[in-house]
Amino acid sequence: MNFVEELRWRGMLHDIMPGTEEKLNSGVIAGYIGFDPTADSLHVGHLTQIMTLIHFQKAGHKPYALVGGATGMVGDPSGKSEERNLLSADILNHNQACIKAQLEKFLDFGCGANSAEMVNNYDWFKEFSFLDFIRDVGKHLTVNYMMAKDSVKKRLEGDSGLSFTEFSYQLIQGYDFYYLWKHKGCFLQMGGSDQWGNIVTGTELIRRKDRGEAFALTTQLIKKTDGTKFGKTESGAVWLDPARTSPYKFYQFWLNASDDDAKNWIRIFTLKSKEELEALDAEHAAAPNLRVLQKALAKDITIRVHSEADYETAIKSSEFLFGNGSIDFLTGMSDDNLLGIFDGIEQFNISKEELSAGINIVDLLGDKAKVFPSKSEAKKMIQGGGVSLNKAKVGGVEEVINHSSLINNKFIVAQKGKKNYYLLIVE
RNA sequence: GGGGAGGUUCCAGAGCGGUCAAAUGGGACGGACUGUAAAUCCGUUACUUCGGUUUCGAAGGUUCGAAUCCUUCUCUCCCCA
C-alpha cells in the first residue's frame with residue numbers, strides 16, 4: 001500500500017496537492033516536516049506528525065525532520081489568536097537539542113537510501129542577512145498573497161493585531177522548503193492542517209523563484225469527539241518527556257480515551273494493520289467494558305514513546321490503583337516495590353515528628369503536602385466527598401491524621417477524586 | 001501627532017456609588033450513574049487562624065462607603081494624519 005493510501009484509510013489525510021500522489025509513486029521521494037522548538041519536549045499533539053514521518057519512511061521514502069531553530073525565533077501565527085512572546089536564544093538552543101533527541105527515537109537514521117535525516121533551519125538562516133532575504137525571497141511573493149492566508153487574515157480581523165515578525169513567518173518557512181528542495185531534493189512538505197498556508201507559500205516560492213515543482217500534504221487535526229482539545233489533561237499537556245509526564249500518566253491518558261476516540265486514535269497512533277484493527281473493533285464491541293481498544297492503544301504508544309519496561313510498570317500501577325485491590329495489597333511490601341508502583345505518581349514528604357503529633361486532614365493535604373493549592377480548596381473538596389486516604393473516603397474536615405494511617409509505617413496514599421493519586425512519604 | 005473605544009475574578013462577558021468576592025455562559029474540578037467510556041443530573045470554582053483579609057490595568061484623590069465618580073500614568077484596539 002502506498003503512503004497516501006495508508007494515510008487515507010487511517011483517517012489521517014486532510015489535504016493534498018494535486019499531483020502529489022503521482023510524484024510519490026514515481027520512486028523514492030524526500031519529504032519533510034518541521035517541528036518548532038517552543039518547548040524542550042514534544043507532546044502528544046506532535047505524535048501525528050511523527051507517525052506521518054514513520055509511515056512515510058515505511059513506504060520507502062526519505063524523511064527529513066526539521067528542527068526549527070530559525071522559525072522558532074520568529075513564532076508561527078497559525079492558530080494563534082495573539083502575538084507570541086519571543087524565546088531567548090539560550091532556551092531555543094536547549095529546546096532544539098531536546099527535541100532532536102526525542103525525534104531520533106522514532107525514525108530509522110541508518111537504513112541506506114531512505115535513511116531519515118535531521119536538519120535545522122538555523123543552519124541556513126544564521127548567515128542570511130535581512131537585506132539579502134528581502135531581496136532574494138521577499139521579492140517573489142506579494143503582500144497581497146501573504147495577507148490572504150487564513151492565519152494572517154484571522155489576526156487582521158481579530159483585535160490583537162499581528163506584528164511584522166509573525167507576519168513574515170510564512171516567508172521563513174517558505175524559504176525552508178525552497179532550501180530543502182534546492183539542496184536536498186526535497187519535493188514534499190507535510191504538516192498539520194493548520195500548516196497548509198505555510199506549506200503552500202513554500203511551493204509557491206519554489207515555483208516563482210526557480211519555476212520548480214513541489215508538493216504539499218497535510219494531516220487531520222486530532223480532535224476529541226466531544227469537541228474538546230486533544231492532548232490536554234487536568235495537569236496540562238501530555239508530554240513525551242518522562243520527566244514532564246510520567247509513563248504512568250502517559251499510559252493513563254490513552255487508557256482514558258472514550259470509545260469513539262480510541263477507535264479513531266488507534267488507527268492514527270499505532271501501525272496496526274487494517275485486519276488487526278477490525279478484529280480489535282469487533283472484540284471491543286462485544287465487550288466494551290473491557291476497553292480492549294483503549295488498552296491496545298495505550299500499550300502500543302507507551303512502548304513506542306517510552307519502553308516495554310515503562311509499560312509494565314504503568315500496568316502494575318494501574319492495576320493496583322484502579323483495580324479492586326484493597327490497600328492491604330501494599331502491606332508488607334518492600335519500600336522499593338511499593339515505590340515502584342507509585343513511580344510516576346506525585347509524591348510528597350512529611351516529617352515523622354509532624355505526623356506523630358497528629359495533623360488535621362486539611363492542614364495535611366492543603367499545606368504540608370500540596371495535594372491542594374490551598375486549604376480552602378482542600379476543605380471544599382473534602383466536604384464535597386472527593387478525597388480519600390488509603391482508599392477510604394475522608395469523612396470530614398475535622399479528621400486528624402496520625403501514625404495509625406501509615407502503611408508499612410511510612411506511607412499514606414491520598415486520592416483526589418477517583419483518578420488522582422498522591423503518595424505521602426513520612427520519614 | 002489628532003480623534004475614538006476599551007482594560008473586571010481561568011476565559012468570554014455583565015455590573016456603572018452601598019444589598020458585589022462581583023450576574024450569566026464556557027472551561028476546570030468534584031459527586032451520583034457507569035466500563036478509570038459517552039450522555040445526563042447535582043455541587044464547587046479569591047485567601048483565611050472562619051474574627052476577617054486582599055481582589056475589578058497602576059498610583060493617587062473625592063466620599064461614611066468605589067469595580068462603579070475625579071486626576072495622572074500605563075497598556076490594547078480602531079479611525080485619521
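First the proteins, then the strands, lettered A, B, ... as listed; each starts at 1.
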Checking [X] against [Y]: charged group under 6.0 Å from the ring centre and within 45 degrees of the axis?
{"X": "A:Lys370", "Y": "A:Phe348", "value": "no"}
{"X": "A:Lys391", "Y": "A:Phe320", "value": "yes"}
{"X": "A:Arg10", "Y": "A:Phe269", "value": "no"}

Expressed in angstrom and rounded to an integer, what is the separation of [X] atom [atom1] from [N] atom [atom2]?
{"X": "A:Asn264", "N": "B:A37", "atom1": "CG", "atom2": "P", "answer": "18 Å"}
{"X": "A:Gln252", "N": "B:A37", "atom1": "CD", "atom2": "C1'", "answer": "13 Å"}
{"X": "A:Gln294", "N": "B:G35", "atom1": "CD", "atom2": "P", "answer": "14 Å"}
{"X": "A:Gln415", "N": "B:U36", "atom1": "CD", "atom2": "C1'", "answer": "11 Å"}
{"X": "A:Lys419", "N": "B:U34", "atom1": "NZ", "atom2": "C1'", "answer": "11 Å"}
{"X": "A:Lys416", "N": "B:G30", "atom1": "NZ", "atom2": "P", "answer": "6 Å"}
{"X": "A:Lys224", "N": "B:G27", "atom1": "NZ", "atom2": "C1'", "answer": "12 Å"}

Quantified in whole Å, what is the [atom1] atom distance between nucleotide [N] and nucleotide [M]?
{"N": "B:C10", "M": "B:U44", "atom1": "C1'", "result": "15 Å"}
{"N": "B:G25", "M": "B:A59", "atom1": "P", "result": "32 Å"}
{"N": "B:G26", "M": "B:G13", "atom1": "C1'", "result": "11 Å"}
{"N": "B:A67", "M": "B:C56", "atom1": "P", "result": "7 Å"}
{"N": "B:U24", "M": "B:G43", "atom1": "P", "result": "12 Å"}
{"N": "B:A38", "M": "B:A32", "atom1": "P", "result": "15 Å"}
{"N": "B:G57", "M": "B:U9", "atom1": "C1'", "result": "14 Å"}
{"N": "B:G15", "M": "B:A66", "atom1": "C1'", "result": "13 Å"}

What is the pairing partner of [N], taking Watson-Crick or G-U wobble pairs with both distances under 3.5 Å in any strand?
{"N": "B:C77", "result": "B:G4"}
{"N": "B:U24", "result": "B:A12"}
{"N": "B:U68", "result": "none"}
{"N": "B:A46", "result": "B:U53"}
{"N": "B:U40", "result": "B:A32"}

Among A:Gln189, A:Gln173, A:His14, side-chain hydrogen bond (donor to acceptor under 3.5 Å, both in side chains) partner for A:Gln195 =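 That would be A:Gln173.
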Do A:Thr313 and A:Asp343 have side-chain N/O donor and acceptor atoms under 3.5 Å apart?
->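 No, no side-chain donor-acceptor pair sits under 3.5 Å.
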Distance-only side-chain donor-acceptor flag, A:Asn121 / A:Asp176, under 3.5 Å =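 Note: A:Asn121 and A:Asp176 side chains meet the donor-acceptor criterion.
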Report the residue (A:Gly385 or A:Pro288) whose heavy-atom-nearest nucleotide on RNA chain B is the more 5′ of the two.
->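 That would be A:Gly385.
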Chi class for B:G7: syn within 90° of 0, otherwise anti |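 Classified anti.
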Between A:Thr245 and A:Pro242, is there a donor-acceptor pair closer than 3.5 Å when you use the side chain of the first and the backbone of the second?
->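 No: the side chain of A:Thr245 does not pair with the backbone of A:Pro242.
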Validation row, ring centre A:Tyr179 to ring centre A:Phe125 under 6.0 Å =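 No - the distance between ring centres of A:Tyr179 and A:Phe125 does not fall below the 6.0 Å cut-off.
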Reading nucleotides 38-52 of chain B from the 5' end, what letters show protein touch, with B for base, S for backbone sugar-phosphate only, - for no heavy atom under 4.0 Å?
-> SS----SS-SBSB--
Compare side-chain N and O positions of A:Lys418 against OP1 and OP2 of B:A37 and report whether any pair is under 4.0 Å apart.
->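 Result: no.
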Are A:Lys393 and B:A32 close enough that a side-chain N or O sits under 4.0 Å from OP1 or OP2?
->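 For B:A32, OP1/OP2 do have a side-chain N/O of A:Lys393 under 4.0 Å.
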Are A:Asp363 and A:Lys368 within salt-bridge range, i.e. N to O under 4.0 Å?
->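 Salt bridge between A:Asp363 and A:Lys368, a charged N being under 4.0 Å from a carboxylate O: no.
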